Amino acid sequence: MTLYASPILTSLLDTDAYKLHMQQAVFHRYPAITVAAEFRCRGDELLGDYADEIRAQVAMMSQLALTEGEFQYLSGLPFFQQDYLNWLRDFRYDPQQVTIDNRDGKLQIRIAGPWLEVIMWEVPLLAVISEVVHRHHSPQVTPEMAVSQLRSKLAQFKQMAGDIDISRFKLMDFGTRRRFSCGVQQAVVSTLKSEFPYLVGTSNYDLAHRLALTPVGTQAHEWFQAHQQISPELANSQRAALQAWLDEYPDQLGIALTDCITMDAFLRDFGPQFAQPYQGLRHDSGDPFAWGEKAIAHYQALGLDPMSKTLVFSDNLDLDKALALYRHFDRRINLVFGIGTRLTCDIPGVKPLNIVIKLVECKGKPVAKLSDSPGKTICQDQAFVKALRKAFALPLVKKAS
């Protein structure tokens with residue numbers, strides 16, 4: 001197998017916005033806390049043969065650093081404080097935090113260290129894994145092929161939406177983690193910017209900077225997972241996570257992720273003290289129509305006008321699914337659609353990887369993501385899963401994977 005020696009990543013900002021947003025909150029609140037995260041391939045691909053090449057890419061990531069232009073760009077955004085940006089200017093990836101092995105053909109990756117640093121590995125490392133694998137499997141693919149496929153989908157979208165008012169349709173690029181390549185993502189997002197008037201932003205800070213787009217993203221599952229060990233009381237951990245985020249970002253970045261411990265458990269904690277200041281909710285597992293109905297009903301039960309709130313749909317979306325959700329919920333609540341893999345790795349003959357990196361420990365103790373989709377549950381400590389379900393009054397189910 002030919003190894004590619006040049007670095008895939010060339011900018012520290014080639015990551016999702018929520019990573020920097022969470023990192024700042026960790027910088028201010030939890031700088032000494034340690035965590036561990038692990039890689040999972042949800043598909044049947046054997047990726048262990050790529051361990052050496054991925055390890056070489058990880059080593060090169062230690063050379064990434066904010067440029068002066070990138071520092072000035074971040075300084076001009078409303079999200080960041082100067083103390084954090086001064087620290088980030090000196091930040092470097094530490095490859096010693098990452099252990100990569102080929103175990104019987106399976107790719108094994110574990111990342112451990114201070115949460116403040118480990119938090120940065122997930123998105124770019126997944127992007128590296130995806131690009132390494134795809135350029136070996138499909139070396140013939142070009143960004144132009146991805147753009148051609150995109151234009152076909154945009155034409156189909158226009159045709160399918162012909163009978164409704166789509167002026168309120170809003171699309172965000174969420175495609176960094178499982179993109180075919182950096183070049184494909186840039187070509188796709190550039191095309192969307194010039195040819196699709198409903199694009200409102202990208203989760204990729206590097207692309208937002210270079211293409212003059214709005215960077216979008218708030219928090220990920222790990223924010224809620226870590227609080228399972230940060231909070232003195234497990235049953236209060238979700239409320240503690242919601243409050244800590246509000247303390248860091250009282251007037252912005254107010255979209256809350258709902259499915260770390262299931263939507264039902266989330267809504268029980270999402271009372272008026274959170275529903276009022278938070279601007280909306282993000283869907284990432286389970287039936288999106290049922291989820292949206294629950295969200296609207298919850299706001300109405302609290303006496304809040306759903307049209308003052310926003311729902312962000314981001315689970316395995318494509319343009320067809322987004323349009324169906326738009327038809328169902330438009331004018332009942334504000335809508336935004338975050339599409340990832342179906343934009344940046346949708347090329348004929350290419351099978352996207354279903355890969356994740358998730359937190360598994362905080363402060364040396366287990367954490368879990370239960371999700372609204374059983375296949376997305378992550379935790380190897382069944383005793384902790386049982387305790388978490390008991391704390392949040394959830395029924396016991398068969399063993400998580």
Side-chain angles (χ1 to χ4, degrees), residues 12-13 15-37 64-66 68 70-94 97 111-124 203-206 208-209 214-234 236-258 260 269-270 273-274 276-280 282 357-359 361-365 367 369:
L12 189 71
L13 292 190
T15 190
D16 279 345
Y18 67 9
K19 283 298 176 176
L20 298 189
H21 300 160
M22 288 190 298
Q23 189 182 44
Q24 176 172 256
V26 174
F27 173 80
H28 286 139
R29 294 165 201 288
Y30 311 118
I33 282 180
T34 60
V35 300
L64 295 174
L66 276 187
E68 184 59 29
E70 290 170 339
F71 177 81
Q72 294 302 327
Y73 165 68
L74 296 180
S75 298
L77 296 173
F79 314 128
F80 298 114
Q81 298 178 37
Q82 208 59 45
D83 59 345
Y84 165 68
L85 291 182
N86 290 339
W87 177 87
L88 185 62
R89 178 149 54 180
D90 294 329
F91 171 81
R92 301 293 184 275
Y93 283 104
D94 179 1
Q97 294 170 347
I111 310 162
W115 190 18
L116 183 58
E117 300 173 13
V118 169
I119 202 167
M120 284 287 276
W121 282 105
E122 175 197 351
V123 173
S203 64
N204 186 291
Y205 252 122
D206 180 45
H209 177 214
T214 300
V216 290
T218 55
Q219 80 282 115
H221 295 104
E222 68 181 287
W223 181 255
F224 293 91
Q225 287 178 278
H227 280 83
Q228 293 165 8
Q229 296 298 347
I230 293 171
S231 173
E233 184 182 352
L234 184 57
N236 191 52
S237 61
Q238 194 162 228
R239 292 189 293 273
L242 288 166
Q243 186 59 54
W245 191 261
L246 269 186
D247 292 343
E248 183 72 22
Y249 300 108
D251 303 311
Q252 54 196 3
L253 302 182
I255 300 293
L257 182 60
T258 65
C260 188
D269 284 341
F270 199 65
Q273 76 275 31
F274 296 127
Q276 181 68 49
Y278 272 91
Q279 289 131 25
R282 178 162 75 92
I357 292 174
K358 293 296 182 183
L359 217 62
E361 292 177 11
C362 178
K363 299 169 65 175
K365 300 175 182 178
V367 297
K369 171 180 176 278

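All figures in this text were calculated on a predicted structure; none of them were measured in a lab. This chain uses plain numbering: 1 for the first residue, then up along the sequence.
Gly217 approaches Tyr18 most closely through the heavy-atom pair C-CB, 4.0 Å. Of all non-hydrogen atoms in Phe224 and Ala241, the two that sit nearest each other are CD2-CB, 3.6 Å. Taking all atoms of both residues into account, the shortest heavy-atom contact from Ile230 to Cys362 is CG1-SG, 4.3 Å. Closest heavy-atom contact between Ile357 and Ala37: CG2-CB, 3.9 Å. When all heavy atoms of Ala220 and Met22 are compared, the closest pair comes out as N-SD, 3.2 Å. Closest heavy-atom contact between Leu359 and Val367: O-CG2, 3.7 Å.
Using a 30° and 60° split on the angle between ring planes, Phe274 and Tyr278 fall in the perpendicular class, above 60°. Between Tyr30 and Trp223, the two ring planes are tilted [angle within 30° to 60°].
Listed for the Gln24 side chain is a donor-acceptor partner under 3.5 Å among the backbone atoms of Phe79. A distance-only check finds no donor-acceptor pair linking the side chain of Glu117 to the backbone of Asp94 [under 3.5 Å]. Formation of a donor-acceptor pair under 3.5 Å by the Thr218 side chain with backbone atoms of Ile255 is found in this model. In this structure a side-chain-to-backbone donor-acceptor pair under 3.5 Å is missing from Gln225 to Cys260.
Annotation: the span from Lys19 atom NZ to Ser203 atom OG amounts to 12.0 Å, rounded to 0.5 Å. Atom CG of Leu246 and atom CD of Gln276 lie 11.0 Å apart (nearest 0.5 Å). Atom-to-atom distance recorded for His209:NE2 and Tyr73:OH is 7.0 Å, nearest 0.5 angstrom. If you take CG on Leu85 and CH2 on Trp87, they are separated by 11.0 Å, rounding to the nearest 0.5 Å. The distance from atom CG of Asp269 to atom OG1 of Thr258, rounded to the nearest 0.5 Å, is 12.0 Å. We find the CG-CG distance between Leu64 and Leu13 to be 10.0 Å, quoted to the nearest 0.5 Å.
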Exercise. Are Tyr205 and Glu70 close enough, and set up right, to give a side-chain contact (heavy atoms from CB on, under 4.5 Å), and what steps lead you there?
Worked result: CA-CA 10 Å; Tyr205 252 122; Glu70 290 170 339; over 6 Å; no
For this session: Test Phe27 against Leu88 for side-chain contact (heavy atoms from CB on, under 4.5 Å), laying out the working first.
Result: CA-CA 10 Å; Phe27 173 80; Leu88 185 62; over 6 Å; no
For this session: Check the pair Tyr249 / Gln252 against side-chain contact (heavy atoms from CB on, under 4.5 Å), numbers first and verdict last.
Result: CA-CA 6 Å; Tyr249 300 108; Gln252 54 196 3; 4.1 Å; yes
Exercise. Are Leu12 and Met120 close enough, and set up right, to give a side-chain contact (heavy atoms from CB on, under 4.5 Å), and what steps lead you there?
Worked result: CA-CA 9 Å; Leu12 189 71; Met120 284 287 276; 4.2 Å; yes
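Using a 4.5 Å heavy-atom threshold, the side chains of Arg239 and Phe270 count as separate. You'll find the side chain of Lys363 stays beyond 4.5 Å of the side chain of Trp115, heavy atoms only. Taking 4.5 Å as the limit, some side-chain heavy atom of Leu253 sits within range of a side-chain heavy atom of Trp245.
Counting only N and O atoms by type, the side chains of Gln23 and Tyr84 include a donor and acceptor under 3.5 Å apart. Between Asp247 and His28, the side chains place no donor N or O within less than 3.5 Å of an acceptor N or O (distance only, hydrogens not considered).
With Glu222 as reference, Glu122 is the one residue of Lys369, Lys358, Glu122 to meet the side chain to side chain contact (heavy atoms under 4.5 Å, CB included) rule.
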